[in-house]
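Just so you know, these numbers use all the heavy atoms, side chains as well, and skip hydrogens, waters and symmetry mates.
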Amino acid sequence: MKINKWIESVKRVRKGRKTNLPFHRCDFAERLTNFENDFFNNFIATLKQEDFITYPSYDDYLSLQLRIGKLFNMKAENVYMTTGSGSCIKDVIQVTCTNDSEIISTSPCFPMYFVFGETFGAKFIKVQSSSSKEFNYKNYIKNTTENTRLVIITNPNSPFGDIRDKKDIETLCEYYNKLGIVVLIDEAYADFCNTTSADLIKKYDNVIISRTFSKAWGAAGTRVGYLLGNENLIKLISNVQLTYPITGPSLKFINYLLDNKEIVKKYVKASNESRDILIKKLNKANFDVIASNTNSIHFHEKKGDNNKVVDILRKHKVAFRSGLRIPQDNRSNWIRLSIGPDIEKTSFIKEIFDIKQ
């Protein structure tokens, strides 16, 4: 069959879960605990048959764009919404890239940068991360060629959760603005460290930011992501938007969360506190830990192979990520665990603390 041959080499991870219960969904950085029953049931009471039977109204889309824009002191015209931030990123790549073009980003990174790039004929140029996780913006510039069509900066960085210096980000935005190259700043985890480069949108025409309601906002199942950018860029990207990409119930839930932002802020604060407690306790328990500014951490037994940790997590039916490699580290079984309020008090974490190394 006449298909793109590179597709055959792509390996996608699609593992099922045995449970989605609170404190057991530790693999994909979702909200770890449920909302209070009264809070969620009040939302359920607002749903109507028409939310499921009919297509959403574009007036409802515009209304939500306006609300999101106000979070960043922007207009609705500065906001683009679609089915999750992954689709946002794909749409930016579709608009900017073509055959034999190049995308520059760090490695390791969100793997879909590569897959989406290949979809539209772009080569993925890797800027390798070091063990110190230092962000050297000069490495981006060194890898820039006449074929460069898009630069992606993740802040906080994924998967390790380190924060990029705002001055370095702006240096790159200014440099690429002179070359007419779009800079996409992926801020999927920015709510956990109260950082954003949204102000750069007003200074540089080439800057676009991707954000999501899936992580800190606790709405991964709604599949709502959005872009922030200047009106011209947003208008161009809107030309490739799916027809009715966000469902009626999803629109309602995001509006409901925006009506209750304090609940989200409370969850973020509690998650960060538990993350920092967990990092300290794992260090004391003789683990190597990569500190993070997001809602997940990486850790490994100092003297072991992490198999004891894997056995404990599996015994408690916890969904998690393992078998991971860290740059400049020979160990191949690092664990990535999503974090939420009071996770350090769970029975499986207490068992991990007691591992004898």
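If you chain together hydrophobic residues whose side chains sit under 4.5 Å apart, Ile163 and Tyr137 never meet in one group. In this structure, Leu236 is not a member of the same hydrophobic cluster as Leu62, with clusters built from ILVMFWY side-chain heavy atoms closer than 4.5 Å.
Not a single donor-acceptor pair under 3.5 Å links the side chain of Asn206 to the backbone N or O of Lys178. No side-chain donor-acceptor contact under 3.5 Å links Ser296 to the backbone of Ala29. Side chain of Ser63 to main chain of Asp59: no donor-acceptor pair is present (N/O by atom type, distance under 3.5 Å, no hydrogens or angles). Although no hydrogens or angles enter the test, the distance criterion places no donor-acceptor pair under 3.5 Å between the side chain of Asp100 and the main chain of Asn147. With hydrogens and angles ignored, the 3.5 Å screen pairs no side-chain donor or acceptor of Asp329 with any backbone N or O of Arg325.
Each of Arg211, Arg31, Lys215 was evaluated against Asp191; a single residue qualifies, Arg211, per the salt bridge (charged side-chain N to carboxylate O under 4.0 Å, His left out) test. The only option from Ile339, Ile290, Val289 that meets the side-chain contact (heavy atoms from CB on, under 4.5 Å) definition with Ile279 turns out to be Val289.
The minimum heavy-atom distance linking Phe124 with Tyr113 is given by the pair CE1-CB, 3.6 Å. Ile343 and Ser274 get closest at one heavy-atom pair: N-OG, 4.1 Å. Residues Phe116 and Ile89 come closest through the heavy atom pair CD1-CG2, 4.3 Å. What you find for Gly248 and Pro56 is that their closest heavy atoms are N-CG, 3.7 Å.
Taking a cutoff of 4.0 Å between a charged side-chain nitrogen and a carboxylate oxygen, Asp259 and Lys261 do not qualify as a salt bridge. Taking a cutoff of 4.0 Å between a charged side-chain nitrogen and a carboxylate oxygen, Glu262 and Lys266 do not qualify as a salt bridge.
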Side-chain donor-acceptor distances from residues 32-41 under 3.5 Å, at least two apart:
unit_1, atom_1, unit_2, atom_2, d
Asn34, OD1, Arg25, NH1, 3.4
Asn34, OD1, Arg25, NH2, 2.7
Asn41, ND2, Asn37, O, 3.1

Pairs under 3.5 angstrom only: tabulate donor-acceptor contacts from the side chains of residues 310-317 to other protein residues two or more places apart or in another chain.
unit_1, atom_1, unit_2, atom_2, d
Lys315, NZ, Glu351, OE1, 2.9
Lys315, NZ, Glu351, OE2, 3.1
His316, NE2, Glu351, OE2, 2.7

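There is no side-chain donor-acceptor pair under 3.5 Å between Arg275 and Asn295.
Taking the six-membered ring for Trp and thresholds of 30 and 60 degrees, Phe72 and Tyr226 have ring planes inclined between 30 and 60 degrees apart.
Every residue two or more places apart in sequence or in another chain that forms a side-chain contact (heavy atoms from CB on, under 4.5 Å) with Thr243 is listed here: Tyr58.
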